[in-house]
Amino acid sequence: MDYLAIERKWKKKWEEERLDSFDTKRADEKKYVLEMFSYPSGANLHLGHWYNFGLTDVYARLLRMQGFEVFHPMGFDAFGLPAENYAIKTGIHPKDSTEKNIATMERQLKDMGASFDWDYEIKTCDPAYYKWTQWLFLQLYKHGLAEEKLAPVNWCPSCNTVIANEQVVDGCCERCGAVVERREMRQWFLKITNYAEELLSGLDKLDWPEKTKTMQRNWIGKSYGGTVTFDLEKGGSFDVFTTRADTLFGCSYVVLAPEHPLVAKIVTPDCRKAVEEYKAQATRRSEIDRTSAVKEKTGVFTGAYAVNPINGRKVPVWVADYVLATYGTGAVMAVPAHDARDYEFATKFGLPIERVVESADGSADELPFVQYGRCVNSGFADGMATEDAKHAILARLAGLGKGGEKITYRLRDWSVSRQRYWGAPIPMIHCPHCGVVPVPEEDLPVRLPYDVDFRPKGTSPLGANEEYMNCKCPKCGGDARRDPDTLDTFVCSSWYYLRYPNAKNDKAAFDTEWTDKLLPVDVYVGGAEHACMHLLYSRFVTKALRDMGYLHFDEPFLRLVHQGVILGPDGKRMSKTRGNIINPDDYVSVYGSDVFRMYLCFAFSYTEGGPFQSDGIPAIAKYLDRVERICGKAFGGRGKPPADKAKAAELEYAVNYAAKCCGADISAFSFNTAVARLMELTNAMYKYDDADEVLHSAALTLIKLMAPVTPHICEELWERAGEKGSVLRAPYPVADEGKLVRSLVEVPVQLLGRLKGTVTIAPDASEDEARAAALALLGISDVKKFIYKPGRIINVIA
RNA sequence: GCCCGAAUGGCGGAAUGGCAGACGCGACGGACUUAAAAUCCGUUUGUGGAAACACAGUGUCGGUUCGACCCCGACUUCGGGCACCA
């Protein structure tokens, strides 16, 4: 078959007929199918795009044949760091490179034969889009969900700029190699933690992969524990958070994070130098590094002492970087006998280690003993089980006004300020008189100026553009300055699924009634690497907008599917340095998009991915030629009754089995098994070999079953068959269950769990019948136990 | 380090706790052909055996079960994420 010519022919026809456009009048039967939109980084679509978009399109096309009105838009997540880095390197403006990349990708996406409705396209770098990203930020601000606070950033002292985590390699700047420091800067945060509880509980009702839900649960990290207030010997106090209040009697020192504001206040003169040095050193370590259990613990004594509220004991206050300022209260009570990190630390620095928990059976296991047990050396709590002691001790503290029960989340607020050029400007104004003032909504968008020196020089790129920075305060009219930062691109992508149905709306970010109708997204498909960030941010934004009354659903994505990663032929992740990058165009230009799509369907388990091996592509082309040949033969069989009824029934069984499986498999994103069933049906047709009406009907069913996978080719075969209209709008075949009932089945017979043979009996044969057949096969008569699952298994225990 | 996955023939992969290896690639054999290609048909987990058949077999070790690729525990290796790549 001339795949390329066939594709050209049908693409043209579909475009003329606007076959893929979304019919808004049929919105009641809508299915919103969405792929994570693409980042226009390289110039060409890569294999991952094909795998995500091409195969999700198979699913979208199935839904259309099943009678749904599918909303399937496409767009670009166009702001971001790579374009800016590219600009710094080459001098090509991010807007220019991005627009060029988008133009290329749009053309390739159209060539892909995917059924996107381009009328709803969005680009996040378009002012018509980011106007509403800024609007979103303002709504969050107005509802108390955006606030400014100090937070650490990676600072390269040599490049004189903030750099991304990704650009930090072994603690050094990837560009210049200088040691990266952490610096505190004022930044905007979105208060996602306000929604921690609902983000956690809402997971239960989502049709998402269990592993993704688990990852989000762990990311949110709810933990039940308590706070304990330690008074300082010289006045003042601080709280620690602990999940093991039962061990409080064994607390022999306390530790503050180096960034803890109290450190500077309490440190004694003789310790100040060491503490300052330690703090400076801590700014050069990453969190992953700091919390690593294998790296040696470091820390210094502050010279200060605090009082353990449960027993009045004086304990030293240390500073150590294994305590993070961002989790809990930034301070921990150390119980070396029952915590591995504290144990290691105490051993190193000669701090007391005192057992306060022993095993429930009273045995004294080795320290550190981190399991639950019962309290010893713990005053009133002696003998209590861990769980009871936690509550009892926290209750006692509550009575003293020194703490109590507390739930903490690991989830942190979302930092959205970026000291970068290529992003949506933050629509806030800093006025010397009025303080922080939001840009009035009618003044949106705050346009990103084109002429900006985006090379690193110590400030945000926009901060050096006086024309941009200087503005009037909307409140007092006086001279004021804009916020020089741009928004994290995750803000842009946290709401784009709401914008698609409203892509052309210039009055609002989205129309509430229309959005309530089209959303939530029914199926969302994208990489598992987004499990905790993008997917959590989107859920947060949806819930926040719901609480503001802008929409009336709780979750943006009802069902989620992750595609796997396609590796290079060497089984390694594709990368330029490895030189193992596969360019889909090399194959698509030879075999066409249908063959390539079917190859991608068949060669991988969709959610697992795996190594690319090109052998499979000609194999698919051969298979499709095989389909063409048998269909050509079958089309001549129209109206000819079958000569052999039993043989015809076998083919009809195969037809109905394929019909039963294909739709279900595609719905489950099990594309490889769907294609396997198509191949089985094709094999059955070859075996049948009589050009009669049974073969003719089988061919028509095969074409319809296959149409979502190879739409152009099936459209061509459908036309050759003399059928009217587009096969892509023909109803997807449904199995006739009656044709799938068999009067006899082979049932495996096991003796003591080992397979000995099969017996052919009715699928609903009684236990006595099955027993008789099995014993005859085995040639035995004594049976201790007989296990029989009709139609499935017989196991004889003799 | 922490969180989450994955591991099945020569290869890609398939299997609601019930005949492991569907479907395909590759390989081998046959038919057709002067020949080749293409096509059609067949064989193909390993070991032993002429065969019937027997034994072994789903990363490693252990457990639960009449029965385990599947459930549980420990481990090994590989992959994703770890909050400023998206």
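It should be emphasised that the depicted structure is a prediction, and the values quoted were computed from it without experimental measurement. So you know, we letter chains A, B, ... as the sequences are listed, proteins then strands, and number each from 1.
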What side-chain hydrogen bond (donor to acceptor under 3.5 Å, both in side chains) pairs are there with at least one residue in residues 783-798 of chain A, not counting sequence neighbours? none
Side chains of residues 605-624 of chain A: which donor-acceptor partners sit under 3.5 Å, not counting sequence neighbours?
residue, atom, partner, partner atom, Å
Tyr606(A), OH, Tyr51(A), O, 3.2
Tyr623(A), OH, Leu678(A), O, 3.3
Tyr623(A), OH, Thr682(A), OG1, 2.7

Report the residues that fulfil ring-ring contact (aromatic ring centres under 6.0 Å, His included) with Phe37(A), sequence neighbours left out, ordered by chain and then residue number.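 Applying ring-ring contact (aromatic ring centres under 6.0 Å, His included) to Phe37(A) gives Tyr496(A).
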Pairing residues for [X] by the salt bridge (charged side-chain N to carboxylate O under 4.0 Å, His left out) criterion, not counting sequence neighbours:
X	value
Arg420(A)	none
Lys149(A)	Glu147(A), Asp413(A)
Asp625(A)	none
Asp77(A)	none

Protein N or O to nucleotides 55-57 of chain B N or O, pairs below 3.5 Å:
residue, atom, partner, partner atom, Å
A56(B), OP2, Arg754(A), NH2, 2.9

Spell out protein contact along nucleotides 68-74 of chain B as letters: B when the base is contacted, S when just the sugar-phosphate is, - when no protein heavy atom is under 4.0 Å; keep the 5' to 3' order. -------
Take nucleotides 16-24 of chain B nucleotide by nucleotide from the 5' end and write B, S or -, depending on whether a protein heavy atom sits under 4.0 Å from the base, only from the sugar-phosphate, or from neither. B-BB--BBS
Would you write the dot-bracket representation of RNA chain B, where each base gets (, ), [, ], | or . depending on whether it forms a Watson-Crick or G-U pair under 3.5 Å and with which partner? (((((((..(((.....[....)))((((((.......))))))((((....))))..(((((..]....))))))))))))....
Please list, by residue number, the residues of residues 527-535 of chain A whose heavy atoms come closer than 4.0 Å to an atom of RNA chain B; answer none if no residue qualifies.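 Hits under 4.0 Å, by residue number: Glu529(A), His530(A), Met533(A).
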